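The figures that follow rest on heavy atoms only: side chains count, while hydrogens, waters and symmetry mates do not. Given the structure is predicted, the values throughout are model-derived calculations rather than measurements. Positions are given from 1, in the same order as the sequence printed here.
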Amino acid sequence: MYLLCRYNSGMLIGLNISNIVLIEKLNLGFGAGLNILTGETGAGKSILLDALSLALGARSDVGLIRHGCDMASVVAEFDVVPPQAVEILSEYDIDSADGLILRRTLTTDGKSRAWINDTPVSVKTLKAVGDTLIEIHGQFANHTLLNQTTHRTTLDAFAENNIADFSALLSRVRETYGAYHGAARRLSELRDLLARSASEREYLEHNVAELRALNPQPGEEDELATKRANMMNAEKNVAILGEALEALSPRGNSLDAQLFNVAHILQRIRGDENPYSEQIDKLYDLAESVAEIAQSLTPETTDMDNMDSIEERLFAIRAASRKHHVPADELPRILNEMSAQLDAIDNSDAELQKLTTVVKQCRAEFDIAATLLSDARKVAANALRTNLLSELPDLKLGSADFTVGFNGVAPSATGIDDITFMIKTNPGSPFAPLHRAASGGELARLMLAMRVVLAGTNDAHSFVFDEIDTGISGATASAVGARLNRLAHSNQALVITHSAQVAGFADRHFKISKSVVDEKTTTSVREISGDERTNEVARIISGAEITPESITMAKTLIKN
């Protein structure tokens with residue numbers, strides 16, 4: 001089994017497993033390069049993949065819980081987060097700047113819980129993120145290349161690394177399609193408008209004429225409402241002033257006249273000096289003040305005709321507002337929009353002809369760009385086929401053949417090509433999509449070959465290969481190890497293998513062992529080096545009994 005983790009997509013740096021089948025407690029730290037795990041049959045190698053898959057969102061199984069335990073847990077830690085994962089995590093406000101920690105627990109009642117950086121998430125979300133970190137070839141397969149929808153982007157990534165100006169072709173197709181799609185949409189909208197114009201023209205003409213006659217202005221409703229309120233208040237004030245004047249002049253006998261009469265009466269008092277002259281002066285002054293006040297309280301005449309016109313216009317504006325279901329200040333906009341629609345109908349023939357010409361021109365430019373892009377893809381497809389076929393003989397797949405199928409599709413921002421990677425493993429057999437044409441070890445080795453050829457395409461996935469060394473040995477196994485070594489230059493590789501040839505290429509070697517203590521079986525994993533590593537490779541070569549010959553061969557494999 002082979003797990004390849006690209007550095008730029010998040011290297012697996014830690015795996016913590018508790019109470020998974022034979023594993024009681026295990027903490028593993030992985031480094032860059034090729035990490036090999038070996039052990040005797042039944043030692044628990046597959047359990048590591050089961051546990052990792054659980055952490056990545058695979059379907060849970062209570063059978064994975066260690067006997068006698070209530071809960072199992074797995075924690076997988078990654079140091080770099082690919083853009084696809086960041087996009088998913090942003091929806092949940094999960095910060096991934098310092099890497100990712102995926103955690104999964106499973107209890108005997110069948111309940112499963114998941115966390116990403118200590119934030120609870122659904123298992124579905126955990127799997128979506130996990131799929132961006134690791135691509136599995138095997139029991140828990142989620143390998144991207146077997147998904148036909150990824151083939152176009154994979155071929156394009158390969159082409160960008162092998163064909164000059166391919167990126168410019170992609171950009172040109174996106175630009176020309178955008179122009180074509182926009183023009184086609186506008187043409188469709190115009191045709192829809194024309195289809196409705198017969199029934200809508202009368203409606204639009206009536207409303208445009210009505211609004212133009214009304215000629216509503218922004219802010220006019222508030223202004224009219226304020227004037228109306230002020231005039232209504234003025235009318236009420238006239239009655240109040242009348243009451244005040246009536247109080248000053250009850251029954252025509254004004255208060256100022258009464259004060260004057262009192263002053264005149266007091267002046268009739270005889271003597272050398274009138275003793276009430278001061279009071280008489282104050283009465284005269286008071287009478288004059290009262291007269292002035294009464295004169296100033298004379299009400300202004302309310303212009304009821306103007307009041308009627310204000311109310312009439314205010315009510316007309318509000319009626320139009322209700323009719324068009326918008327605030328009164330939006331009526332000018334409604335008028336402009338309806339006028340534009342009416343003008344479009346009136347000028348539809350000329351506009352239709354103009355847009356039709358634009359669409360044809362844009363489609364022609366897109367067709368040219370899309371054809372050039374398709375031709376470039378076919379060149380890239382031939383190069384991909386040549387490179388891949390050169391890898392297959394050494395991997396015991398010399399009878400296999402590979403091709404890239406092209407099918408035309410409706411225009412889009414990616415061109416006019418539907419791409420399918422196809423393979424046949426036996427001469428005379430028809431080509432078939434990848435997931436139908438190979439299985440088991442053949443498929444795993446084919447995926448390895450493709451990943452070697454596609455290295456450097458910025459594919460943001462990591463990979464798991466299962467059963468890749470099934471049925472091979474000798475030179476074929478060495479070829480597999482060599483290709484893993486090539487991938488390890490830019491990829492982290494975690495390899496669970498039974499092949500000494502593959503194990504010899506390890507940068508770090510881990511030994512998986514099984515022990516029985518107090519009638520409890522436990523799997524453990526530890527890193528080995530030096531003579532211990534040599535002995536482990538020799539054990540793989542010779543079996544239970546390590547011989548001098550197997551030691552010598554192991555040293556040769558490790559040296560190479």
Requested in this report: Taking atom types as modelled, find out whether Ser399 and Asn426 have a side-chain donor-acceptor pair closer than 3.5 angstrom.
Outcome: no
Report task. Could you verify whether a donor N or O on one side chain and an acceptor N or O on the other, from Ser499 and Thr497, lie under 3.5 Å apart? Result -> no
Query raised in the report: Is Glu391 paired with Arg486 through a side-chain N to carboxylate O contact shorter than 4.0 Å?
Result: yes
Query raised in the report: Hey, is CZ on Arg113 packed in by over 12 heavy atoms from elsewhere, all under 6.0 Å?
Result: no
Report task. State, to 0.1 Å, how close Ser550 and Ile541 come at their nearest heavy-atom pair, and which atoms those are. Result -> O-CD1, 3.9 Å
Report task. Establish, from distance only, whether the side-chain atoms of Ser529 and His509 form a donor-acceptor pair under 3.5 Å. Result -> no
Query raised in the report: Can you name the closest pair of heavy atoms from Thr534 and Ala554 and give their distance?
Result: O-CB, 3.5 Å
Query raised in the report: When you measure from the side chain of Thr371 to the backbone N and O of Asp367, does any donor-acceptor pair fall under 3.5 Å?
Result: yes
Query raised in the report: Counting N and O atoms only, with roles assigned by atom type, does the side chain of Asp50 sit under 3.5 Å from a partner on the main chain of Val21, one being a donor and the other an acceptor?
Result: no
Requested in this report: Report yes if the side chains of Leu34 and Arg508 come closer than 4.5 Å at any heavy-atom pair, otherwise no.
Outcome: no
Query raised in the report: Judged by modelled atom types alone, do Arg191 and Ser188 share a side-chain donor-acceptor pair under 3.5 Å?
Result: no
Query - Heavy-atom donor-acceptor pair, Asp469 side chain to His498 backbone, under 3.5 Å - result: yes
Requested in this report: Test Leu384 against Val453 for side-chain contact (heavy atoms from CB on, under 4.5 Å), laying out the working first.
Outcome: CA-CA 7 Å; Leu384 178 61; Val453 171; 3.5 Å; yes
**Report entry** Electrostatic pair Asp394-Arg483, nearest N-O below 4.0 angstrom
**Finding:** yes
Query raised in the report: Above 12 or not: heavy atoms from other molecules or residues under 6.0 Å from CD of Glu87?
Result: no
Query raised in the report: Salt bridge or not for Arg385 and Asp401, using N-O below 4.0 Å?
Result: yes
Report task. Answer yes or no: is there a donor N or O on one side and an acceptor on the other, between the side chain of Asp507 and the main chain of Gly33, under 3.5 Å? Result -> no
Query raised in the report: Checking Ser96 side chain against Gly99 main chain: does a donor-acceptor pair fall under 3.5 Å?
Result: no
Report summary line: Of Val75, Val74, Asn27, Leu26, the one forming a side-chain contact (heavy atoms from CB on, under 4.5 Å) with Leu15 is Val74
Query raised in the report: If you round to the nearest 0.5 Å, how far is OG1 of Thr420 from CG of Leu434?
Result: 9.0 Å
Query raised in the report: Do Thr176 and Glu365 have side-chain N/O donor and acceptor atoms under 3.5 Å apart?
Result: no
Query - Atom pair OG1/CG of Thr425 and Leu446 - distance to nearest 0.5 Å - result: 9.5 Å
Query - Check: Val495 and Val502 side chains under 4.5 Å, non-hydrogen atoms - result: yes
Query raised in the report: For Met553, does the CE atom have more than 12 heavy-atom neighbours from other residues, nucleotides or ligands under 6.0 Å away?
Result: no
Query raised in the report: Out of Val129, Ile101, Leu12, which residue meets the side-chain contact (heavy atoms from CB on, under 4.5 Å) rule with Phe78?
Result: Leu12
Requested in this report: Compute whether any side-chain donor of one residue and acceptor of the other, for Tyr92 and Thr119, lie under 3.5 angstrom apart.
Outcome: no
Requested in this report: List the steps and the verdict of side-chain contact (heavy atoms from CB on, under 4.5 Å) for Arg66 and Thr522.
Outcome: CA-CA 10 Å; Arg66 182 176 172 82; Thr522 302; 3.2 Å; yes
Query raised in the report: Judged by atom type as modelled, is there a donor-acceptor pair below 3.5 Å linking the side chain of Asn162 to the main-chain atoms of Phe158?
Result: yes
Query - Minimum heavy-atom distance between Ala400 and Leu392, given as atom pair plus value - result: CB-CD1, 4.0 Å
Query raised in the report: Do Arg174 side-chain atoms and Ala413 backbone N/O form a donor-acceptor pair below 3.5 Å?
Result: no
Query raised in the report: Does a donor on one side chain and an acceptor on the other come within less than 3.5 Å for Asp418 and Gln148?
Result: yes
**Report entry** Arg104 (side chain) donor-acceptor with Val123 (main chain) under 3.5 angstrom
**Finding:** no
Query raised in the report: Can you tell me if CG on Asn407 sees more than 12 non-hydrogen neighbours from other groups inside 6.0 Å?
Result: yes
**Report entry** Donor on one side chain, acceptor on other, Thr107 and Asp109, under 3.5 Å
**Finding:** yes
Query raised in the report: Parallel, tilted or perpendicular: which fits the ring planes of Phe510 and Phe30, with parallel below 30° and perpendicular above 60°?
Result: perpendicular
Query raised in the report: Would you call Lys514 and Glu40 a salt bridge, using N to O less than 4.0 angstrom?
Result: no
Query raised in the report: Side chains of Asp417 and Ser374: do they bring a donor and an acceptor to under 3.5 Å?
Result: yes
Query raised in the report: Where the side chain of Thr556 meets the backbone of Thr552, is there a donor-acceptor pair that is under 3.5 Å apart?
Result: yes
Query raised in the report: Does Glu536 pair with Arg539 as a salt bridge, N-O distance under 4.0 Å?
Result: yes
Query raised in the report: Considering residues, nucleotides and ligands other than Glu91, do more than 12 of their heavy atoms fall under 6.0 Å from its CD?
Result: yes
Query - No-hydrogen, no-angle side-chain donor-acceptor test under 3.5 Å, Thr150 and Thr153 - result: no
